[in-house]
Participant: 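I have a structure here, written as structure tokens, and I will follow up with some questions on it.
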There are 2 protein chains.
Amino acid sequence: MAMRSDSDAAVRPKLGFRPLYQQVRDMFVQRMVEGRWTPGQALPSEIDLAAEVGVSQGTVRKALDAMAAERLVVRRQGRGTFVAEHDEARILFQFFKLVPDAGEPAFPESRVDSATQEPASMADAQSLQLKAGTPVLRIHRVRSLGGKPVVAETVVLPAGLFPGFVDGPIPNNLYGSFATRYGITVARAQERLKAVALDETDAAALGVPAGTAALLIDRLALGLDGLPVEWRLSRCLTADFHYHSDLT
Amino acid sequence: MAMRSDSDAAVRPKLGFRPLYQQVRDMFVQRMVEGRWTPGQALPSEIDLAAEVGVSQGTVRKALDAMAAERLVVRRQGRGTFVAEHDEARILFQFFKLVPDAGEPAFPESRVDSATQEPASMADAQSLQLKAGTPVLRIHRVRSLGGKPVVAETVVLPAGLFPGFVDGPIPNNLYGSFATRYGITVARAQERLKAVALDETDAAALGVPAGTAALLIDRLALGLDGLPVEWRLSRCLTADFHYHSDLT
DNA sequence: TAGTGGTCTAGACCACTTC
DNA sequence: AAGTGGTCTAGACCACTAG
């Protein structure tokens, strides 16, 4: 593959220098984007990958370590390296920060109230980086923990990415479904939190008086390519739960 | 130092195996705890450290990289490795997650309303892992951004760690003061967020009606040794600000 | 026992900063 | 030009998993 050739200026240009191991990382991510490597799959061994790419094992190792830090792959000593899956355990750990004040975190159940396709509002378009009017899917649901309704949630998706998603039953684990049905991986997300007073609709859905203080979570989920995949507004009751954040 | 000697079972025991580079990391952290390495100070070069510890440069590199990931040191190519400081820029980035909806993050001003020493309440003791009745310092202050009061804050400190702290003027940058005056480094923190309705006291301090929804941030700050250093309750108005969280 | 990732070493060279 | 951290390589050995 000649990636090691120092005379090949296109591969290792002196200006805009990009380390080899990052180029290798990008190549591997691209394989995931294209679906050549799919969630759960075991990657070839470091030695095999190194030989294939034309790079030392140490460089492949740095690339895979970087991907492990991004949670794109999981490395298990003695077993191999695997493309990360969006199973409930991972989502609970990485994406679901609302945990009980006492007791173990748990994956919430969902009751879908509506799931429709409509033109993107201005807010939809701005969040998802679409043009206003582009079709989006809008899902309203109430999520419960321990049998009690805790979260009133609005999910907005670019319809073009998820054809037919709204026609059948809506699964509880959305990100897992995105991956298995559409090959779209949610790689990371940004959340913006505010405290708000619940309006009558949300309060009724959660079974509390209107005006109750709730935690509003505004989440934008991004794919492997860094583009928006989902916009989500969650209004959470925090009497018995809290949002957990580690500052490290 | 003979750390490389494979025959020295005390250094590299087979059961409870701990990698060399982590042992080196622990040794370096210990130097920071003891004040031999202080914030802002330049560390010896990797080669010098490797020679001193009796380990390869690559192992020292892994130890320092791990410490850089923990934000305990800052590495600058061509210049050296430095013990991290608690300057406002770092605090803004690592510990202050409340940012304006529009515009740049800024370091808040503070007005201290009271600063006293008293016996730890049950809640104090539980949070800070003290015995009830142990003396603690309690600081009430209001923090403002852009001239507007936004946060009503209660800070609780173990009095034993910070003798005399409450006698003079209370600085705005607490963590910087902890480091320079007492050699105590806040290494990381855990935050628990809830939405609450403001009581009359906090509402008055922030100039809003009682019952206004506010974001309650319950922070426990930990030192280099992992022990609690500070407990802080912040009630934040989120009309023009939000709490930012990256899920990666 | 074979194969995987994890650690450790040694050495060469590169990019960046400072003098 | 000298010194620092950053990259890349090559090879040895260790810890863990599975057949």
Participant: Under 3.5 Å, side-chain donor or acceptor atoms of residues 35-42 of chain B against the rest of the protein: list the pairs with distances, not counting sequence neighbours.
Facilitator:
from: B/T38; atom 1: OG1; to: B/Q41; atom 2: OE1; distance (Å): 3.4
from: B/Q41; atom 1: OE1; to: B/T38; atom 2: N; distance (Å): 3.1

Participant: Can you confirm whether A/L64 sits close enough to A/Y21 that some side-chain heavy atom of one is under 4.5 Å from a side-chain heavy atom of the other?
Facilitator: no
Participant: Is A/E191 close to A/R232 at the side-chain level, that is, under 4.5 Å between some pair of heavy atoms?
Facilitator: no
Participant: Can you label the angle between the B/Y243 ring and the A/Y243 ring as parallel, tilted or perpendicular, going by 30° and 60°?
Facilitator: perpendicular
Participant: With a cut-off of 3.5 Å and sequence neighbours excluded, list every side-chain donor-acceptor pair involving residues 79-89 of chain B.
Facilitator:
from: B/T81; atom 1: OG1; to: B/R75; atom 2: NE; distance (Å): 3.4
from: B/H86; atom 1: NE2; to: B/V186; atom 2: O; distance (Å): 2.9
from: B/D87; atom 1: OD1; to: B/R90; atom 2: N; distance (Å): 3.0

Participant: Return the value, rounded to whole Å, for the distance between atom CD of A/Q57 and atom P of C/dT4.
Facilitator: 10 Å
Participant: Take the protein atom CZ of A/R75 and the nucleotide atom C1' of C/dT7, then report the distance between them rounded to whole Å.
Facilitator: 13 Å
Participant: B/I47 has an atom CD1; how far is it from atom C1' of D/dA2, in whole Å?
Facilitator: 12 Å
Participant: Taking the side chain as everything from C-beta on, heavy atoms only, tell me whether B/F162 gets closer than 4.5 Å to B/S177.
Facilitator: no
Participant: For the residue pair B/F107 and B/N173, establish whether any side-chain heavy-atom pair is separated by less than 4.5 Å.
Facilitator: yes
Participant: Output one line per pair: protein atom, nucleotide atom from nucleotides 17-19 of chain D, and distance, for all N/O pairs under 3.5 Å.
Facilitator:
from: D/dA18; atom 1: OP1; to: A/R79; atom 2: NE; distance (Å): 3.4

Participant: Considering residues at least two apart in sequence or located in another chain, which fulfil the salt bridge (charged side-chain N to carboxylate O under 4.0 Å, His left out) criterion with A/D218?
Facilitator: none
Participant: Could you check how far CD of B/Q22 sits from C1' of C/dT7, rounded to whole Å?
Facilitator: 11 Å
Participant: Measuring only between side-chain heavy atoms, which start at C-beta, is B/E230 closer than 4.5 Å to B/L220?
Facilitator: no
Participant: In whole angstrom, what separates A/L20's CG from C/dC13's P?
Facilitator: 17 Å
Participant: Under a 4.0 Å heavy-atom cut-off, which of residues 59-67 of chain A touch DNA chain D?
Facilitator: A/T59, A/K62
Participant: If I take atom CD in residue A/E46 and atom C1' in nucleotide D/dC8, what distance separates them, rounded to the nearest angstrom?
Facilitator: 15 Å
Participant: Tell me whether the side-chain N/O atoms of A/Y21 come closer than 4.0 Å to OP1 or OP2 in D/dT7.
Facilitator: yes
Participant: For DNA chain D, just give me the dot-bracket, please: Watson-Crick or G-U, both distances below 3.5 Å, ( ) intra-strand, [ ] crossing earlier pairs, | paired with another strand, . unpaired.
Facilitator: ||||||||||||||||||.
Participant: Is the phosphate of C/dG3 approached by A/S45 (side-chain N or O, under 4.0 Å from OP1 or OP2)?
Facilitator: no
Participant: Does B/E109 come within less than 4.0 Å of B/R143, counting only side-chain N to carboxylate O?
Facilitator: no
Participant: How close or far is atom C1' of C/dT4 from atom CG of A/L49, stated in whole angstroms?
Facilitator: 12 Å
Participant: Could you tell me the separation between the CZ atom of B/F17 and the P atom of D/dC16, rounded to a whole number of Å?
Facilitator: 8 Å
Participant: Among C/dG5, C/dT9, D/dT9, which is the nearest nucleotide to the side chain of B/S56?
Facilitator: C/dT9
Participant: Okay, side chain of A/K194, backbone of B/F241: is any donor-acceptor separation there less than 3.5 Å?
Facilitator: yes
